[in-house]
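Single-structure report; data block below.
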There are 4 protein chains.
Amino acid sequence: MTSQKSSSARLQTAPPPTAKEPKRKRGIARVAKLLDAGAAVFAEQGYKAATMTEIAARAGAPIGSLYQFFPNKDVLADALIARYAEHVEAALDRIRAEARELDGTQLGDRLLDVLVTHATERSLALSLLDARWEQPGVRPGILRENLRRRIAEILSIWRPDLAEDQAQAMAVVLFQAMKSLVQLHEEKRYPGKAEAIAQWRGWVQRYLGEI
Amino acid sequence: MTSQKSSSARLQTAPPPTAKEPKRKRGIARVAKLLDAGAAVFAEQGYKAATMTEIAARAGAPIGSLYQFFPNKDVLADALIARYAEHVEAALDRIRAEARELDGTQLGDRLLDVLVTHATERSLALSLLDARWEQPGVRPGILRENLRRRIAEILSIWRPDLAEDQAQAMAVVLFQAMKSLVQLHEEKRYPGKAEAIAQWRGWVQRYLGEI
Amino acid sequence: MTSQKSSSARLQTAPPPTAKEPKRKRGIARVAKLLDAGAAVFAEQGYKAATMTEIAARAGAPIGSLYQFFPNKDVLADALIARYAEHVEAALDRIRAEARELDGTQLGDRLLDVLVTHATERSLALSLLDARWEQPGVRPGILRENLRRRIAEILSIWRPDLAEDQAQAMAVVLFQAMKSLVQLHEEKRYPGKAEAIAQWRGWVQRYLGEI
Amino acid sequence: MTSQKSSSARLQTAPPPTAKEPKRKRGIARVAKLLDAGAAVFAEQGYKAATMTEIAARAGAPIGSLYQFFPNKDVLADALIARYAEHVEAALDRIRAEARELDGTQLGDRLLDVLVTHATERSLALSLLDARWEQPGVRPGILRENLRRRIAEILSIWRPDLAEDQAQAMAVVLFQAMKSLVQLHEEKRYPGKAEAIAQWRGWVQRYLGEI
DNA sequence: AATGAATGAGCATTCATTCAT
DNA sequence: TATGAATGAATGCTCATTCAT
């Protein structure tokens, strides 16, 4: 009575659903549109409030198409995280490659830019990196962990004499500062915004300069 | 968000629904319990995922009773914000009263503590102060604005020579730092947590010390 | 991300959903109507094809009401089985009480009547007792097992010298004969129906008479 | 069940969709595989729960290919019935050819074997011959009618002095007994299974022996 | 006034069927 | 002709809110 799918489903655990790679040109464009729409809606409304119907509508796609590629809401969210993670990790890798040649001010700037550029994804970042969402073993937590580790690595390359746990703690601080800057950017308009953002940057630069 | 379909709505503007003030002792206690339950559930699940039924259940109250005092979910959320605002504003007022006698380190500590103490409400704070909740004219934005203004006032009292827009920008930075510390606290457990929190505090103290 | 309900749900396994007992008069009547509608629709269309919407509509109830009492389709089906089981088991108990005084013809007739009377539930029986539906540990299988055991008991009381496994095998045969008679009754109209039903009865009577 | 909304349907009656006869060797093999897969899936899950996608997948064929030969689910089901009917009718024809030389025991055995052999199709038979499915003018009813008529013919040949309506009623009884034996076989495992099956056979043999 | 059953719009998801490639 | 992506109506189920008791 309980779900009972294909007979095999009773024996082997069904494979965890994953995003399907589009094969034809049309599909690739559509998946991109769906991801964009998903990013926008998740960012605006949060995971729970975002509706698959609205995401599909905003992508100009029928609901069935959305489900063709992303068999459920979780998978879509994961795909979004993965896409975002790629950007961010690539950016961090680039910084790492040149870390040795940067001074504190430069490194601070470069790190802060990682999350702040890509205006499109900035507000998604807020959702994705949010510590709430948490469910053990699920993506956002892994992403945060991952990013913090990469930042710590950059710090260790940058100042090889830094103790490992020092680098770790600093990475946490820096990562928080990076997210905070996004928050400062994203809030709609408030007195002192521009100046505050400038101060925040300066603050981070000094934090690294003092090492 | 407010759906409001009472037939009269077409003719006269219906009065905006508001939380009902409890009159008797019994009511006061019940409202407190409902608010506590609401805070807990909103904090755990977020606004959308929180259900009125669970909130009532967790308060040990019948659902009808919940609606007696809070005619809809929005009103409950607003009431939660208001209650939280009271705490926080009171705390800021206390700091303001003694601002003149504090040095940078002390002021930093005191400000940071404002959001971090009250462990119960800490994760609610994250929800409430989140820039994403935004809905034009709705509470969280007003609260943020309000708190930033008060912080600016404290700064002006503390360093009377500070230009007004300087104080304003610093207030934005400090408020962001305060929220960030809550985030650092609230995320479940991650390497470097304790040390990072300590560094964050030190960072804020220095920020104020440098003035 | 996966469902995440009340925080407790993460720790304790959520209690398996069960039918809610109606408390007020209105509810009792409504539940009865819902069960009748469910019986009709399940009987006509089978478990999978039956839709909750149609069941609610046929009971003249809004869908929400259906779910108020039967939190999901499985629970409704289980309740139906339970209701049916009660009738049938009671009928078998009555036969058992007088088994000793019956001759083979009488016992055969009485057993055959158990499933055939209650015209309303006759076609539900076909669904419920159907060996397909099967899913280990789920109701219909348990019901069949149960009924066969009771029939075997009746046989043992009726002819105390019967070996236990003899009684068991005979119970299987008789139970199958009982279900078959329902099938003979339920098929809409076909040549020879009345006479065939009579022969089937006679056949069963002789089967018991020969013991 | 047939939804049929081609625009032409409003003007000319659309020709009822039918299974397409495969022309080439490749097609014949593929159709056979599709039918096998269909039989398996329908048998396991029932008509409604079986999905065209799974049937195609299990046949290793693309879904488009399935629809090439069977323009909708009903047509596939009908084709399955037709294929099954052929087997069974052929088997009955063989019995008819030698009916005159059989005694009751032998005839009973031969008839019972008709549905019980072909283990693969046994559980499909349960689905196909099931009196629910009924939809006016649809295949399973016709098949049942057909089989009963053939059984009646066999009886008339076997005992030429049997009145026609006597043969008819007996055919109904025998056909029911044949289906019941399949049910006894198909139910997974239960105490007394083997012995009950033996008794059922004996019972049918005696039924015919008494004529 | 207090309660909790009743309501139904809305949500995630499935799947028969079509049709562009 | 053969394929499998695309489509959207239909399904099971939830939950804010109302209202009879």
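All values reported here derive from a predicted model rather than from experimental measurement. So you know, we letter chains A, B, ... as the sequences are listed, proteins then strands, and number each from 1.
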Which range-with-range stems can be found for DNA chain F when each stem has 3 or more Watson-Crick or G-U pairs in a row and both distances sit under 3.5 Å?
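Paired runs of 3+ in DNA chain F: E:2-21 with F:2-21.
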
Where each residue is assigned the nucleotide of DNA chain F containing its nearest heavy atom, which of B/K48 and C/A50 is assigned the position nearer the 5′ end?
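It is C/A50, whose closest nucleotide lies nearer the 5' terminus.
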
Find which nucleotide of DNA chain F each of D/A61 and B/K73 is nearest to by heavy atoms, and output the residue with the more 5' nucleotide.
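Going by which nucleotide is closer to the 5' end, it is D/A61.
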
Spacing of [X] atom [atom1] relative to [N] atom [atom2], expressed in whole Å:
X: B/L66; N: F/dT18; atom1: CG; atom2: P; value: 12 Å
X: D/F70; N: E/dT17; atom1: CZ; atom2: P; value: 14 Å
X: C/N72; N: F/dT11; atom1: CG; atom2: P; value: 17 Å

Just list the side-chain donor-acceptor pairs under 3.5 Å for residues 33-40 of chain B, sequence neighbours left out, or say none.
unit_1, atom_1, unit_2, atom_2, d
B/D36, OD1, B/R83, NH1, 3.0
B/D36, OD1, B/R83, NH2, 2.9

List, one per line, each side-chain donor-acceptor pair under 3.5 Å for residues 56-67 of chain C, sequence neighbours excluded.
unit_1, atom_1, unit_2, atom_2, d
C/R58, NH1, C/E44, OE2, 3.0
C/R58, NH2, C/E44, OE1, 3.0
C/R58, NH2, C/E54, OE2, 2.6
C/S65, OG, C/R30, NH1, 3.0

Look at the side chain of [X] and decide which nucleotide, out of [options], has an atom nearest to it.
X: B/M52; options: E/dT17, F/dT17, F/dG8; result: F/dT17
X: A/Y67; options: F/dT11, E/dT13, F/dT17; result: E/dT13
X: B/Q68; options: F/dT3, E/dT7, E/dA2; result: E/dA2
X: B/I63; options: F/dC13, E/dA16, E/dA5; result: E/dA5
X: C/T53; options: E/dT13, F/dG12, E/dT7; result: F/dG12

Quick check on DNA chain E: between A/P71 and C/G64, whose nearest nucleotide comes earlier from the 5' end?
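Its nearest nucleotide being more 5', the pick is C/G64.
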
Could you check A/D78, A/T18, A/V75, A/I55 and say which one makes a side-chain contact (heavy atoms from CB on, under 4.5 Å) with A/F70?
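Looking at A/D78, A/T18, A/V75, A/I55, the match for A/F70 under the side-chain contact (heavy atoms from CB on, under 4.5 Å) is A/V75.
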
Can you sort out the partners of C/A49 under side-chain contact (heavy atoms from CB on, under 4.5 Å), two or more places apart, ordered by chain and number?
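Partners of C/A49 by the side-chain contact (heavy atoms from CB on, under 4.5 Å) criterion, ordered by chain and then number, come out as C/Q45, D/K48.
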
At under 4.0 Å, does any side-chain N or O of C/R30 touch on OP1 or OP2 of E/dT7?
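Indeed, a polar side-chain atom of C/R30 lies that close.
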
E/dT7 phosphate, OP1 or OP2, under 4.0 Å from C/S65 side-chain N/O:
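The answer is yes; a side-chain N or O of C/S65 sits under 4.0 Å from OP1 or OP2.
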
Does any pair with a residue in residues 60-71 of chain B pass salt bridge (charged side-chain N to carboxylate O under 4.0 Å, His left out), and if so which ones, sequence neighbours excluded?
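Output for this query is empty, none listed.
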
Check D/F42 against D/A77 and note the closest heavy-atom contact, atom names and distance.
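Minimum heavy-atom contact is CE1-CA, 4.1 Å.
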
Taking the side chain as C-beta and beyond, is there a heavy-atom pair between B/Y47 and B/L76 under 4.5 Å?
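No; the side chains remain at least 4.5 Å from each other.
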
